[in-house]
There are 2 protein chains.
Amino acid sequence: MSMSEPSSTAPASVEEFRERLAMISAELPKRLRQCADHIAANVDRIAVSTVAELAAGADVPPSALMRFCQILGFSGFSEMQRLFRDAYAPGWPDYATRLKTLRDSGAGSPTALLAEFIDSGRQSLESLAKSVDEQALAQAVDVLSAAGTVHLAGFRRAYPVASYLAYVFEKMAVSAMLHDGAGKLDHRFALRPGDALIAISFAPYSVETLALAEEARARGLAVVAITDGAVSPLAEGADVCLAVSEVDFGAFRSLSATLALALSLAVAVGTARSGV
Amino acid sequence: MSMSEPSSTAPASVEEFRERLAMISAELPKRLRQCADHIAANVDRIAVSTVAELAAGADVPPSALMRFCQILGFSGFSEMQRLFRDAYAPGWPDYATRLKTLRDSGAGSPTALLAEFIDSGRQSLESLAKSVDEQALAQAVDVLSAAGTVHLAGFRRAYPVASYLAYVFEKMAVSAMLHDGAGKLDHRFALRPGDALIAISFAPYSVETLALAEEARARGLAVVAITDGAVSPLAEGADVCLAVSEVDFGAFRSLSATLALALSLAVAVGTARSGV
DNA sequence: CTCGATATGGAATATTTATTCCATTTTCAG
DNA sequence: CTGAAAATGGAATAAATATTCCATATCGAG
């Protein structure tokens, strides 16, 4: 079996390691399969484990794991582990320790609340890094770069996002209009053909945002939706859908991921429009 | 010298380790001092290094490092390292790998921009965890819990924060008034004695916010400032100052840390006011 | 079924790493 | 200055870990 032949070179980065792992995992005999599965699920333990520990975790003898490392292209386990030890992310455990201290200050205390919201914010941002639809983002930039005026609709919890977009577009000298519902005035007639709408809404989906999105579509505007998933009513009929989810703590959700996405979108659009 | 006597028990957590390290560092002979300094600055390498590597880093012979581990209360280096290996934060390197991939998609591309803003958001939140003034936060909660109406002032970049606070206070059934400057109307007469103001502003400090804060103080309101440091003009004269900084990427800054802080404040105030 | 190729497990061996011990140096109190 | 206590460095030793090798088992093609 050609899979037993070690690859000629060892992966030189964690990313390359993952690719190699995926590639060789296509066809493996029983014990080596166990190794692959366990390693894939415990990449974060490679730097801090021994052959014996990982082998025990995979329920194989150490020699099987040695063979597995060689199939991946390493001379042995030590070479593989060196890759991970050298690539180790700095900063731990400072943040984790600190967060725990804050949390331990007492359930419900302002400090413990802060710890929870900090954590949910970070998790939300991390989740965005993994889940972002890069094509949709690029498409949204294209659509908005070609638009006349960019209209912004987001109410209640989404309002901070919409207003931040208005701020950034102003900074980037992009024609933008914030629909803030002031005085219950009806600005729908400002939705002109060739314009575009960024509609921002999350469950339980503001009626006003949905209505404005529908009105925009009817008037021939392109609609870019920022919402919490493909099942969102806002996604339906939008030209582009940027899905982003936030982690809850209690009755409230972070806004960190949404703002990072919005900011990236606005800066990319502003840059594209200025021709830089 | 009594410092040479090993402590009776080994630290049982990373936090305890840090406390022990700080405690014994008060007085140490030359080589052991070098060990303390190096370990303190490289806690994140303990799990993935050998005695020889850490000793070389500290510029001491391995035996000095062994002695240092024993002074900390461990039987040896292995016991100390075990503490860190067992406490190792899971999840790495998935996020780091992903972020690198996003960044590598091309400088200035929407995706690379997103990577940068995700990273600056996470760093800002982490920085908040480390820098938060817990006493100031508790004091702000006390002040706002005792207030009649909570007035909210934040313009331009700070406006999303102020509007989010308004949203959360509404959800928590707290009397709150968002000063949004609509129609350039002057709502300063709504600032009643017994009320409080949350004033949010960052460099280059909105004139409107500073003016409203000053007006509030003159009318006997308590002022809670959310701003970017003790040198901020907003901090001067405020009853409580909540300092929060954000990491820049290019001309724009994250808002993640500020929002997490604001959200925590609002929820704590709402909870305190409802008597739960 | 046979036989060759492949997979497997475990023990022996090699290598690396942690630890101990001791001679020497340095420090500090009297 | 002396002498005892403490600090220091390095080599020897012990322990842990990685690796190799070989006998045996399993698989699959003919």
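Letters A, B, ... mirror the listed sequences (proteins, then strands); counts begin at 1. From a predicted model like this one, the values you see are computed outputs, not experimental measurements.
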Item to check | Interatomic distance where CD belongs to A/Glu79 and P belongs to D/dT19 [whole Å] | outcome: 9 Å
Checklist entry - Considering residues at least two apart in sequence or located in another chain, which fulfil the side chain to side chain contact (heavy atoms under 4.5 Å, CB included) criterion with B/Ala136? => result B/Asp133, B/Val240, B/Leu242
Next on the checklist: Looking only at the side chain of B/Pro29 (C-beta and beyond, no hydrogens), which of the listed nucleotides D/dG9, C/dT8, D/dA7 gets closest?
Outcome noted: D/dA7
Checklist entry - Do any side-chain nitrogens or oxygens of B/Gln70 fall under 4.0 Å of OP1 or OP2 in C/dT20? => result yes
Checklist entry - Any sub-3.5 Å donor-acceptor pair from A/Ser25's side-chain atoms to A/Leu21's backbone N or O? => result yes
Checklist entry - A/Ser75 or A/Glu53: which one's nearest nucleotide on DNA chain D is closer to the 5' end? => result A/Glu53
Item to check | Residues forming a side chain to side chain contact (heavy atoms under 4.5 Å, CB included) with A/Asp142, sequence neighbours excluded | outcome: none
Item to check | Qualifying salt bridge (Lys or Arg N to Asp or Glu O under 4.0 Å) pairs with a residue from residues 107-121 of chain B, counting only residues at least two apart or across chains | outcome: B/Arg103-B/Glu116, B/Arg103-B/Asp119
Look for any protein N or O under 3.5 Å of an N or O in nucleotides 22-28 of chain D and output each such pair with its distance, or none.
none

Item to check | For B/Asp59, side chain to side chain contact (heavy atoms under 4.5 Å, CB included) partners two or more places apart | outcome: B/Gln34
Checklist entry - Which part of the nucleic acid does B/Ser78 contact within heavy-atom distance under 4.0 Å: base, sugar-phosphate only, or nothing? => result sugar-phosphate
Checklist outcome for this item: Value for CG (B/Leu125) from CD (B/Glu246), rounded to nearest 0.5 Å, stands at 7.5 Å
Checklist entry - Atom CE of B/Met66 to atom C1' of D/dA15: distance rounded to whole Å? => result 12 Å
Next on the checklist: Quick check for you: among D/dT8, C/dT8, D/dA18, whose closest atom lies nearest to any side-chain atom of A/Val51?
Outcome noted: D/dA18
Checklist entry - Touch check for A/Thr50, heavy atoms < 4.0 angstrom, all strands: base, sugar-phosphate only, or nothing? => result sugar-phosphate
Item to check | Residues touching DNA chain D, which here means a heavy atom under 4.0 Å, drawn from residues 33-42 of chain B | outcome: none
Checklist entry - Does B/Gln81 or A/Arg31 map to a spot on DNA chain C nearer the 5' end, using the closest nucleotide for each? => result A/Arg31
Next on the checklist: Looking at A/Gln81 and A/Val51, would you say the former's side chain and the latter's main chain have a donor-acceptor pair under 3.5 Å?
Outcome noted: no
Checklist entry - Rounding to a whole Å, what distance do you find between B/Leu65:CG and C/dT17:P? => result 15 Å
Checklist outcome for this item: Separation of D/dA15 atom P from B/Arg82 atom CZ, nearest Å, is 19 Å
Checklist outcome for this item: Separation between OG (B/Ser254) and CG (B/Leu128), nearest 0.5 Å, reads 10.5 Å
Checklist entry - Of the nucleotides C/dT8, D/dG9, D/dT8, which one has an atom closest to the side chain of B/Ser63? => result D/dG9
Item to check | Nucleotide D/dA6, atom P - distance to CD of B/Glu27 in whole Å | outcome: 13 Å
Checklist entry - Please give, in whole Å, the distance from C/dG9 C1' to A/Lys30 NZ? => result 13 Å
Checklist entry - Parallel, tilted or perpendicular for B/Phe74 and B/Phe17, by the 30°/60° rule? => result tilted
Next on the checklist: If I take atom CZ in residue A/Phe77 and atom P in nucleotide C/dT17, what distance separates them, rounded to the nearest angstrom?
Outcome noted: 12 Å
Next on the checklist: I need the CZ-P distance between A/Phe74 and D/dA18, as an integer number of Å.
Outcome noted: 15 Å
Item to check | Reference residue B/Arg98; test salt bridge (charged side-chain N to carboxylate O under 4.0 Å, His left out); the match among A/Glu134, A/Glu126, A/Glu15 | outcome: A/Glu134
